[in-house]
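These notes concern the structure reproduced below.
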Amino acid sequence: MVISPVHYIALPLFAAFLMPLLAKVNRELVKIIPGVVLVYLSVVSVILMQQVVNTGQPIVETLAGWQAPWGINLVFSQFTGFLVSLMTFMATLIWVFSYRFKKVDNEPALKYYILFMMLVTGSVGVVLTGDIFNMFVFMEITAIASYSLTSFYRDRDGAEAGFKYLLIGSLASTFMLLAILLLYTQVGTLNMAMIAERMHTVPTGMKVTILILFVTGLGIEAEMFPLNGWAPDAYSQSPSPVGATFAALVVKAGVYSLIRVIFTLFDIQGAYQYLIVMGIITLVIAEFAAMKQTNLKRMLAYSSIGQMGFVLIAFGIGTKEAVFGALFLMFNHAVIKSLLFMSGSFFVYNSTSKEINGLSGIGKKFPYMGFLFSLGAFAIVGLPPFSGFWSKLYILIAAADESMLALVAIILMVSIVEIVYYFRVVAKLYFGKPTDEEVVHKPTFGGYFSMTVLAAVILVVGFYPDLITGFLHRAADTLLDKGAYISNVLGH
Amino acid sequence: MKKAFIILLLVVVGWVLADTFSQITFGESRLGDVKQPETVGAYYLNNTVEKLSVANVITAIVVNYRGFDTLGEVTVLFLAASGLASILYRRKEKGEHDVMILKNSSQLLQTGAKLIFPAILVLGAYVFIHGHLTPGGGFQGGAIIASGFLLMFMAYKDYHVSHNVLTWVESVAGIVFVSVGIWGLISGATFLENVLGTGTLNDLISGGVIPLIYIAVGFKVAAELTGVLETLLNFKTEK
Amino acid sequence: MVFNVIFFSLLAIIILAAAIYAVVQKDLLYAVIATGVISLVLSIYFFIMQAPDVALTEAAIGIALTTIIFVITIRNTSRREDEIPVDKEPDRGDEK
Amino acid sequence: MDPIIYNKIITVGVYGSAIGLILIGLYAVLVKKHLTKIVIGLSIIDSGVHLLFIAVGFIKGGTAPIFSPKGIELVNGGAQMVDPVPQALVLTAIVIGFGVTAVALSLVIRLYRHHNTARIDHIKSLKW
């Protein structure tokens, strides 16, 4: 059985269909299967990435034996491969963290683990597929899994957050369906490479309408400004491993689909300016909202939306350097934000109130967790020795090269806002007077392991960024090289 | 004020849609020449009979050309069923038992249900077995069978489909679907490839793997929709 | 040809009327039945436009199953749209 | 009345009802307060989109894309078959729509159980 990109989807589905039966045999098995599947997929990622990097050619896998434009195909190139491998590694770490997670054990664990695995498969599917309607189906899989996971806990108002997310998510999928339909009438095919090739035949009026529908629909998934009201509730009400998965995987898939549509399918210049403007609005509003938050997890949620706005700005600049910076920021955001969510969750569980000022002095009683959280905070703000610094630096350089000085000013101003609200929390952790509560919820060995690995990655990439910069440059070139994508997939 | 803003928004959306769809003339063929297929639709119309010898082109598309979509689609239904169960999950204190929320039905409905129920099952089975010949297929057949079970739920207050059987049918059908895909992969071809011989057009055993997949989908959809109904129906727990 | 025009415009009128009725009606049970009518007319539309597969799907799923899960939801929640909140002790279920 | 007018009426009839469904559904989702009514709005929007899918794939005087013995006869007689791809997509979209509606209604039931009311304005934390 030669290793091929379809394993990312066929295997988790096989495991998901098998799990209800295994649950009858023994409950423990059900919790282990996602881990086994994700570890195997991480190995597959390493093998496939090696193959792609050595040959320089993307792996285009046709399904059901029909060549590219007629059937559905999966594209595992430098760019999509990077995203898929990042998602799989992060999902494995999050699974290790959530394996013996206290809050999840007493609920119906079987459903949790199936939904979690499908959330990962859906996000990976969105990135891998080369067919526009197939991307819609995988987005629906991710969406339904996240609606149910958001409303997983009984005691919190998860159901409200779930319903609000579902409502806005349904509107997003309606816009996407309309856009796909219009695109099909103009171009006659659903394969993304063929669409990109034939896009010049579409009249501009129709092209702009289709782009608006796409950007509105996908903007909701990528948490762009106008319709991202669902995100803070979804992040804070869902179990914290799921919050970390949202930050590390689901929002990446949303941003990927937006970028794939704007960079590869359409060739309208106005889209880049639109990305920059919406990115700035999302960044500024999310960061200021984060400053006002008193609930730790909502603050992290708003900060995550802000980071996504920053990624959109970087993609909006559109030069090779800027896209490289954007990919680096996506990598950092996935690693650092998951660490913050994981360590943050243990503060929240140990303090009676979820509010930030309820956490005073917990850093002294929980030193290692306090260290991890502060490390994450310093990294995301972009202080020099950590990995967050490099991605922010590269994007600023790219913006400066394009002489967008106003943009540089805005980014620096927002960074100051970030520093304010993150250091406020860190200060509270260490210098607040400690409350008398005993530390009850200790993370499991798995929790410590995955958080330590994330911290190590932040430090290593911080000191030796060129470990992955060369690799990211090639990924950025693959994304920008539209002609190569078309010729590889269609094979002429 | 809010309503005025919404009305304005609706007018704008309506105008944009109307203007866009006015450029797409209704009833005009956009397939291009079917013999030298340029568009995907024309290709399918041209090649389904020779390559797959399946009469129903839509079944060929849903199961073979775009079989990956259907795999994702079946997962969406699977997730909806398990998501529903996790959302409506209630830990039952001792002494509590699930009670059907529908009241007892009239004599007429009960005898009628007893007569019609087997017929609906046969119709549902017919629809998804002949998926590749006549209109219909896995989804439609499964939905018809589920509405058959619905009739029995309505007629008999304490009619229960054992949750065990439903889970078994659902999982086995899902595994059959994925393993047929993996079978294609193992036999050197691609995932979900039609590895069986495709037989002659318009007789029952034709189209190779396609009928097998659609029968598996039919069982899975029937089990899932009945599960969804069962979860929603017997929800009120009383002492 | 004249028959086509009459039939199509009749369908259009019925489906839009049912949609408006479904939105305006305060009693949710009648609103849900109107949704069933919308699915029925939709199924006829699909049948006329040479899409038998989809007509069967819309009939089986749209009319039968969607309507029944709406009715079950109304059975579990309130039937009137303008209901006055019942002030019995909210059922906290198994909340800790 | 010559056929041009007929085609115009049928076109306005089909596209008009589809876009009308989408607008009415959107109105219900944005304005109505009762959760079940909002989910009804969502399902109406879905119906509108599905009708658009099929309307776009329809070809005047075409036959259903099924090569039954009668179908082959018609095709040899020069009839053009309707575009099958939008129909295959709608098949998936209808079942996805049902899945999302089922999850939405289960959330409505749980919200009602939790707050004893199914109206958005009465559920405080669901600020709009």
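Naming convention: chains lettered A, B, ... in sequence-line order (proteins, then strands); numbering from 1 in each chain.
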**OP:** State the CD-CD1 distance between C:Glu58 and D:Ile94, to the nearest 0.5 angstrom.
**Re:** 4.5 Å
Original post:
Given a strict heavy-atom distance threshold of 4.5 Å, which part of D:Tyr27 is in contact with chain C: side chain, backbone, both, or neither?
Top reply: side chain
Original post:
Between D:His34 and C:Ser78, does any side-chain donor sit less than 3.5 Å from a side-chain acceptor?
Top reply: yes
**OP:** Examine distances only and state if a side-chain atom of D:Lys37 and a backbone atom of C:Val23 form a donor-acceptor pair shorter than 3.5 Å.
**Re:** yes
**OP:** Could you look at D:Val14 and say if it's the side chain, the backbone, both or neither that has a heavy atom under 4.5 Å from chain C?
**Re:** both
Original post:
Looking only at heavy atoms, which two atoms of C:Ala19 and D:Ile44 are closest? And how far apart?
Top reply: O-CD1, 4.3 Å
Original post:
Under a 4.5 Å heavy-atom cut-off, does chain D meet the side chain of C:Leu65, its backbone, both or neither?
Top reply: both
Subject >> Pairwise distance CG(D:Leu51) to CD1(C:Ile38) - rounded to 0.5 angstrom >> reply: 11.5 Å
**OP:** Scan side-chain atoms only and decide if C:Tyr45 and D:Ser17 contain a donor-acceptor pair under the 3.5 Å cut-off.
**Re:** yes
Subject >> Neighbourhood of chain C inside residues 76-89 of chain D, taking heavy atoms under 4.5 Å as contact >> reply: D:Val82, D:Gln87
Subject >> Interchain contact, D:Ile66 with chain C, by part (heavy-atom threshold 4.5 Å) >> reply: side chain
Subject >> C:Tyr21, OH atom: more than 12 neighbouring heavy atoms under 6.0 Å >> reply: yes
